[in-house]
Amino acid sequence: MNLDTPRGPVLYLDGVTVSFDGFKALDGLSLIVDPGELRCIIGPNGAGKTTMMDVITGKTRPDSGTAWFGQNIDLLKLSEPEIVAAGVGRKFQKPTVFEQLTVWENLELALAGNRSFLKTLRARINPTQRDRIDQVLEIIGLTASRDSLGKILAHGQKQWLEIGMLLMQEPQLLLLDEPVAGMTDEETERTAELCNTLAGQHSLVVVEHDMDFVSRIARKVTVLHEGSVLAEGLLSEVQANEKVVEVYLGR
């Protein structure tokens, strides 16, 4: 599958509705994300942010609507592994790294894609792959920790390593779910720098509650409420929107 984006958005959701036992988690949600864009998604709990990412990654099938990745990839026809292979990477809120492996080995394993664990550890990587791991270590700021076991990393470092593991698969679209939850101020600042570095090379959709963090990375912000888009625009525009203040920022 080849992603064709020069003529249009990298992600296109239109009229996506998802119901759980009569409750509409998404209600006609429409969203467009352009190639290289960094989009922040905010909104109160229950607004539909996680369900939206579940639809994009194939975990949840909508009752109605369309979801396209580029011009020619219908996400609703693909399985979760096929969506990953197409170029969509998702980072969940809680970091999931292999704690008994080193930082380098975690990235090496991520490089393997769907190959088995033991086969991967026995395989020899080529110089190009080795250079790619070095490059990602530099991007995520963990070059000095390359030989450290995952279990001794600080919380923020584990988050960056997991982002690095996604980068090894060279996704065109990265979905980050509350990437700074539980981080120190310094870790939050470094994560903002990382997101700003990745934007342009990748399209990023960042779901976050920390408005200070959002202010450091926000270009365009989408506010979800009750499963649909309440407002969209620059952060300053969203913050001045009376409806947004009423349902979210004013709380």
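Please read these numbers as outputs of a predicted model, since none were measured by experiment. All values below were derived from every heavy atom in this structure, side-chain atoms included, with hydrogens, water molecules and symmetry-related copies excluded.
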Q: Flag the pair Pro171 / Val88 as yes when at least one side-chain heavy-atom distance between them is below 4.5 Å, and no otherwise.
A: no
Q: For Lys77, is there an ion pair with Glu82 - N to carboxylate O distance below 4.0 angstrom?
A: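 No, Glu82 and Lys77 are not salt-bridged.
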Q: Counting neighbours of CG on Asp63 that are heavy atoms of other residues, nucleotides or ligands and sit closer than 6.0 Å, is the number greater than 12?
A: yes
Q: CD/Gln172 to CG/Leu11 distance, rounded to the nearest 0.5 angstrom?
A: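 Those atoms lie 12.0 Å apart.
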Q: Atom NZ of Lys151 and atom CD of Gln100: how far apart are they, to the nearest 0.5 Å?
A: 4.5 Å
Q: Linking I/L/V/M/F/W/Y whenever their side-chain heavy atoms sit closer than 4.5 Å, directly or via other members, would Leu107 and Ile125 fall into one cluster?
A: yes
Q: Got a salt bridge between Glu189 and Arg216, using NZ or NE/NH1/NH2 to carboxylate O under 4.0 Å?
A: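 Looking at Glu189 and Arg216, the cut-off is met.
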Q: Answer yes or no: is there a side-chain heavy-atom contact under 4.5 Å between Leu13 and Leu26?
A: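 Not in contact.
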Q: Verify, without hydrogens or angle tests, whether Asn106 (side chain) and Phe98 (backbone) share a donor-acceptor contact under 3.5 angstrom.
A: yes
Q: Between Glu178 and Phe213, is a side chain to side chain contact (heavy atoms under 4.5 Å, CB included) present by the stated rule, with each step listed?
A: CA-CA 10 Å; Glu178 297 192 37; Phe213 174 70; over 6 Å; no
Q: What is the minimum heavy-atom distance between Val221 and Ala218, and which atoms define it?
A: CG2-CB, 3.8 Å
Q: Thr222 and side-chain contact (heavy atoms from CB on, under 4.5 Å): which single residue from Val238, Leu31, Leu29 fits?
A: Leu31
Q: Grab the two heavy atoms, one from His225 and one from Pro44, that are nearest each other, plus how far apart they are.
A: ND1-CG, 4.0 Å
Q: For residues Val180 and Glu187, determine if any side-chain heavy atom of one lies less than 4.5 Å from a side-chain heavy atom of the other.
A: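 Sidechains of Glu187 and Val180: no contact.
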Q: Grab the two heavy atoms, one from Cys195 and one from Leu204, that are nearest each other, plus how far apart they are.
A: O-CD2, 4.0 Å
Q: For residues Val84 and Leu78: do they belong to one hydrophobic cluster (side chain heavy atoms under 4.5 Å, members Ile, Leu, Val, Met, Phe, Trp, Tyr)?
A: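 No, separate clusters.
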Q: For a side chain to side chain contact (heavy atoms under 4.5 Å, CB included) check, start with the C-alpha distance between Leu235 and Gln239, then their side-chain angles and the critical distance, and finish with the verdict.
A: CA-CA 6 Å; Leu235 180 60; Gln239 289 174 320; 3.7 Å; yes
Q: When you measure from the side chain of His209 to the backbone N and O of Ala181, does any donor-acceptor pair fall under 3.5 Å?
A: no
Q: So if you build clusters from Ile, Leu, Val, Met, Phe, Trp, Tyr with side-chain heavy-atom gaps below 4.5 Å, do Leu166 and Leu101 land together?
A: yes
Q: Give the intermediate values and the outcome of side chain to side chain contact (heavy atoms under 4.5 Å, CB included) for residues Met183 and Arg190.
A: CA-CA 10 Å; Met183 284 191 180; Arg190 288 189 60 185; over 6 Å; no
Q: Is there a side-chain contact between Leu167 and Gln135 (heavy atoms, below 4.5 Å)?
A: no
Q: Is there a side chain to side chain contact (heavy atoms under 4.5 Å, CB included) between Tyr248 and Leu230 once you walk through the steps?
A: CA-CA 10 Å; Tyr248 184 51; Leu230 177 66; over 6 Å; no
Q: Tell me the closest heavy-atom pair linking Ala67 and Leu76, and the distance in Å.
A: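 Nearest pair, atom of Ala67 first, then Leu76: CB-CD2, 3.9 Å.
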Q: Is Leu224 close to Val229 at the side-chain level, that is, under 4.5 Å between some pair of heavy atoms?
A: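 Yes, close enough: below the 4.5 Å cut-off.
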Q: Going by the rule salt bridge (Lys or Arg N to Asp or Glu O under 4.0 Å), which residues pair with Asp210 if we only count those two or more places apart in sequence or in a different chain?
A: none
Q: State the CD-CD1 distance between Glu208 and Ile42, to the nearest 0.5 angstrom.
A: 10.5 Å
Q: Is there a donor-acceptor pair under 3.5 Å between the side chain of Thr60 and the backbone N or O of Val55?
A: no
Q: Looking at side-chain heavy atoms only, is the closest gap between Gln159 and Thr191 below 4.5 Å?
A: no
Q: Between Arg132 and Asn126, is any side-chain donor less than 3.5 angstrom from a side-chain acceptor?
A: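 The answer is no; no qualifying pair exists.
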Q: Is any side-chain heavy atom of Val33 closer than 4.5 Å to one of Pro9?
A: no
Q: About how many Å separate NZ of Lys49 and CE of Met53, when rounded to the nearest 0.5 Å?
A: 9.0 Å
Q: Within the 4.5 Å heavy-atom criterion, are Val205 and Ile41 side-chain neighbours or not?
A: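 The answer is yes; the side chains approach within 4.5 Å.
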Q: Nearest 0.5 Å, please: how far is CG in Leu174 from CZ in Arg90?
A: 12.5 Å
Q: How close do Leu137 and Val103 get, heavy atom to heavy atom, and via which atoms?
A: CD2-CG1, 3.5 Å
Q: With the 4.5 Å side-chain cut-off for hydrophobic clustering, are Leu149 and Val97 part of the same group?
A: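 Unlinked, Leu149 and Val97 end up in two clusters.
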Q: Taking all heavy atoms of Phe69 and all of Val10, pick out the closest pair and write down the distance.
A: CD1-O, 3.1 Å
Q: Does Gly36 offer a backbone N or O that forms a donor-acceptor pair with the side chain of Ser203 under 3.5 Å?
A: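 Yes, because the side chain of Ser203 sits within donor-acceptor range (under 3.5 Å) of the backbone of Gly36.
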Q: Hey, does the side chain of Asn241 reach the backbone of Val244 with a donor-acceptor pair shorter than 3.5 angstrom?
A: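 Pair found, side chain donor or acceptor close to backbone of Val244.
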Q: Other hydrophobic cluster members with Phe23, side-chain heavy atoms of Ile/Leu/Val/Met/Phe/Trp/Tyr under 4.5 Å, chained?
A: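 In the cluster with Phe23 there is nothing else; it is isolated.
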Q: Other than Ile32, what residues sit in its cluster of Ile, Leu, Val, Met, Phe, Trp and Tyr side chains whose heavy atoms are under 4.5 Å apart, directly or through others?
A: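 Under the 4.5 Å side-chain rule, Ile32 groups with Tyr12, Trp68.
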Q: Inspect the surroundings of CD in Glu138 and state if more than 12 heavy atoms from other residues, nucleotides or ligands are less than 6.0 Å away.
A: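 Open.
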Q: To the nearest 0.5 Å, tell me how far Ile163 CD1 sits from Ile140 CD1.
A: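 If I round to the nearest 0.5 Å, the distance is 8.5 Å.
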